[in-house]
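Let me begin by presenting the structure, written as structure tokens, before commenting on it.
Just so we're on the same page: letters track the sequence lines, and every chain starts at 1.
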Protein chains: 2
Amino acid sequence: MVSSSGAEIRKVTIHDVARFAGVSRQTVSRALNGKDEIEGSTKQRVLDAARELGYRPSRFARGLVRQDTTTIGLVIPDLLNPFFTEVAASALEAARTRGWHVVVYDTADRAAEELGTLQVIGSQVDAVVGYFSCSEDELDRYTRGMPMVLIGSEHRTARFSSIRIDGEAGVHAAVAHLIAQGHTRIGMLDHAGRAEPSLRRAWFLTAAAAHGIDAGLVAGADQSADGGGAGLRALLAAHPDVTAVFTFNDIIAIGALREARRMGRSVPRELAVIGFDGLALGALVEPPLTSVALDTHRLGALAIDQVGRLLTGADPLDADELVVHAELRPGGSA
Amino acid sequence: MVSSSGAEIRKVTIHDVARFAGVSRQTVSRALNGKDEIEGSTKQRVLDAARELGYRPSRFARGLVRQDTTTIGLVIPDLLNPFFTEVAASALEAARTRGWHVVVYDTADRAAEELGTLQVIGSQVDAVVGYFSCSEDELDRYTRGMPMVLIGSEHRTARFSSIRIDGEAGVHAAVAHLIAQGHTRIGMLDHAGRAEPSLRRAWFLTAAAAHGIDAGLVAGADQSADGGGAGLRALLAAHPDVTAVFTFNDIIAIGALREARRMGRSVPRELAVIGFDGLALGALVEPPLTSVALDTHRLGALAIDQVGRLLTGADPLDADELVVHAELRPGGSA
DNA sequence: TCAACATCCGTGAACGTTCACGGGAGCGCT
DNA sequence: AGCGCTCCCGTGAACGTTCACGGATGTTGA
């Protein structure tokens, strides 16, 4: 696994440049870093020497002596999922304003990759932000005392802080909206795959119960458009009288939208659809997606903000500040 | 900009752990890295001490002595653009299989951010892959001898290597397809903003000329769905007899699709639309987008492959191998 | 009893850079 | 002459870790 196959690339150091230019290390350092206390001609000579030899400073040596660069790791289950992309983009932006570097890891939603990432990440970054599906014990074992901010998953121990997504009111509003439109048979497409049912499902169930309607109309769906289509077919096969669906996220909703069109059911007249996430993508489909939207921009920025506080030792935000609320955003699909 | 505001976080080193556990540095190193030549009880004692003190090894010191970690920088104009997301995702995947780390920079499509990234990137990564809009002179000045792979933009000097996107045959096929459908007034929505016209536009023009149709029906559009909509309106206002459009990319095409629907023109019967990129997103809209598709997965993988060759000194791929061809992929929009 | 060996642990050195300090040359001023 | 100052430049030290080597102790075998 060691990287040296072709021409044995010998690293050229500041020493070599110094010798080549006939000066000392320190003078080279001065020339390269634009410090003063150096004469113009000498500086130029050193710069020429550096270019001649193809010198590039070692980030390790530099980082060792000046402790000013911070790098954070961003762990994402699937960058192709627009929701995570939006979160990642906002996190990158927030990090950029602080002058931080962000190493991105895509775990491809596989537990094995997640573990592998955890093992390797500890010795590469100063702090971690992201989504994790493994247990907090495992998480802790691999990240020993590193500042960590979890997104979406509620933490149980004080070891971590996490950004909570509060969609309870938003989902309640969504169900209320559907009922106001006259719907009484409202189904849900939850995600499939995870062991335990989702929080969003729980919110949906309590909202349905609060309005006195049947809350048992739930089917599973993969987190993809195709999964949403298949889920809708299964749901309607089991419960043909369903006239409205709430979905785990917008990707599933968009798949359901497409499937409804293929089945010849017009949206929202013959089938109302409400998603969750509020992706920008929702505005591109027809009809525009109604969604319980959350501010992904704030989500990423909040995560970076908190990790920064943990990093500098400043007083961290506490749980009730680390919340992103979701609210119903009307489109045309419900 | 120095990061120490709250509790003066003093770094705990391997020395502190050694003293606390009553052993030497080397023994601590052995325990932490799972080497042998250490007794079980001693190892446990060291591990406990490390946890007690909250010790975490310095990645700089470690990287300085063992030269086995490579980090590459990935520079992307806009992560929210699905095309770049797909490229980034495939690059991340390719890097992961090699055990490399990827630092991602989103330049937000602004020249200032690009320059800022270039300045800071040189001392942080071993090689760079990505999109750049600045001149090769500037590029070279900030990245002095660092292996670089440019995507999309053709390089002129031997200093860089770049992945070329060859869409000539694909665009030709697209125009031929439209003409076979009976279209004679075919417009194009090129991107706006850049100084010089795009290669895709040149391909379109030659293809149109080859078929003997008017090639002057071009309007500009921002690289967004809204931009595509506005572009389509402008194009149709100037040339009301246009019955088909080829667009700079799929995002613009999807915006045009939406705008056509809003104007009451059915697609593809009253207006045919062909995009460029072949995004997965194209399958989600109605009708599914016909597009001159390129293999984004191969694009990212190829870039990482080449940067790896440059890094190890292995013989790099030459220009005619660094090409991704685009071909017409039928959807339902043309 | 002594050599030979295995097991465990510690000591200098090195990685490549920047920081703190010191020193020489040149100049002006008293 | 002597002092002080500015302008350049160089030398030890430090950052925190791992590598190469050597030493100490216990165990085995003849």
Sorted by number, residues from residues 47-56 of chain A placing a heavy atom under 4.0 Å from DNA chain D are none
Check every strand shown and say whether B:Lys35 touches a base, only sugar-phosphate, or nothing at a heavy-atom separation below 4.0 Å.
sugar-phosphate
Apply side chain to side chain donor-acceptor pair (under 3.5 Å) to the pair A:Thr27 and A:Arg45, showing each step before the final yes or no.
CA-CA 11 Å; A:Thr27 302; A:Arg45 188 154 42 95; over 6 Å; no
Bend angle of the helix from C:dT1-D:dA30 to C:dT30-D:dA1, from helix axes over five pairs at each end, nearest 10°:
60°
Output for pair (A:Tyr105 OH, A:Ile76 CD1), nearest 0.5 Å, gives 13.0 Å
Would you classify B:Asp36 as touching base, sugar-phosphate or nothing, given that sugar-phosphate means primed atoms plus P, OP1 and OP2, and contacts are heavy atoms under 4.0 Å?
nothing
Polar-atom pairs under 3.5 Å, protein N or O versus N or O of nucleotides 21-28 of chain C: list them with distances, or write none.
none

Quick check for you: to the nearest 0.5 Å, what is the distance between B:Glu136 atom CD and B:Arg156 atom CZ?
7.0 Å
Quick check: does any side chain N or O of B:Ser58 sit under 3.5 Å from a backbone N or O of B:Ala61, one acting as donor and the other as acceptor?
yes
What residues, two or more places apart in sequence or in another chain, satisfy salt bridge (charged side-chain N to carboxylate O under 4.0 Å, His left out) together with B:Glu93?
none
Hey, are A:Arg98 and A:Asp305 close enough for a salt bridge, meaning a charged N less than 4.0 Å from a carboxylate O?
yes
At what distance, to the nearest 0.5 angstrom, does CG of B:Leu32 lie from NZ of B:Lys43?
9.5 Å
For atom CZ of A:Arg66 and atom P of C:dG16, their distance in whole Å
18 Å
Contact under 4.0 Å: B:Ser58 side-chain N or O vs D:dC15 OP1/OP2
no
What is the distance, to the nearest angstrom, from the CZ atom on B:Arg59 to the P atom on D:dC15?
18 Å
Contact under 4.0 Å: B:Thr27 side-chain N or O vs C:dG10 OP1/OP2
yes
Please round to the nearest 0.5 Å and tell me the distance separating atom OG1 of A:Thr97 and atom CG of A:Leu92.
11.0 Å
Can you find an N or O donor on one side and an acceptor on the other, under 3.5 Å apart, linking the side chain of A:Arg25 with the base of D:dG12?
yes
To the nearest Å, give me how far apart CD1 (B:Ile14) and C1' (C:dG10) are.
13 Å
Rounded to whole angstrom units, what separation is found between the CD atom of B:Glu39 and the C1' atom of D:dA24?
14 Å
N/O (side chain, A:Ser29) to phosphate O (OP1/OP2, C:dT18) under 4.0 Å:
yes
Tell me which donor-acceptor pairs under 3.5 Å the side chains of residues 110-128 of chain B have, and how far apart each pair is, sequence neighbours excluded?
residue: B:Arg110; atom: NH2; partner: B:Glu113; partner atom: OE2; Å: 2.5
residue: B:Glu113; atom: OE1; partner: A:Arg96; partner atom: NH1; Å: 2.9
residue: B:Glu114; atom: OE1; partner: B:Ser133; partner atom: N; Å: 3.3
residue: B:Glu114; atom: OE1; partner: B:Ser133; partner atom: OG; Å: 2.8
residue: B:Glu114; atom: OE2; partner: B:Ser133; partner atom: N; Å: 2.8
residue: B:Glu114; atom: OE2; partner: B:Cys134; partner atom: N; Å: 3.1
residue: B:Thr117; atom: OG1; partner: A:Arg96; partner atom: NH2; Å: 2.7
residue: B:Thr117; atom: OG1; partner: B:Glu113; partner atom: O; Å: 2.8
residue: B:Asp126; atom: OD1; partner: A:Arg59; partner atom: NH1; Å: 2.7
residue: B:Asp126; atom: OD2; partner: A:Arg59; partner atom: NH2; Å: 3.2
residue: B:Asp126; atom: OD2; partner: B:Thr71; partner atom: N; Å: 2.8

Sequence neighbours left out, what passes salt bridge (charged side-chain N to carboxylate O under 4.0 Å, His left out) with A:Arg62? Give chain and number order.
none
Do the side-chain N or O atoms of A:Ser24 get closer than 4.0 angstrom to the phosphate oxygens (OP1, OP2) of D:dG10?
yes
Nearest 0.5 Å, please: how far is OG1 in A:Thr107 from CG in A:Leu79?
10.5 Å
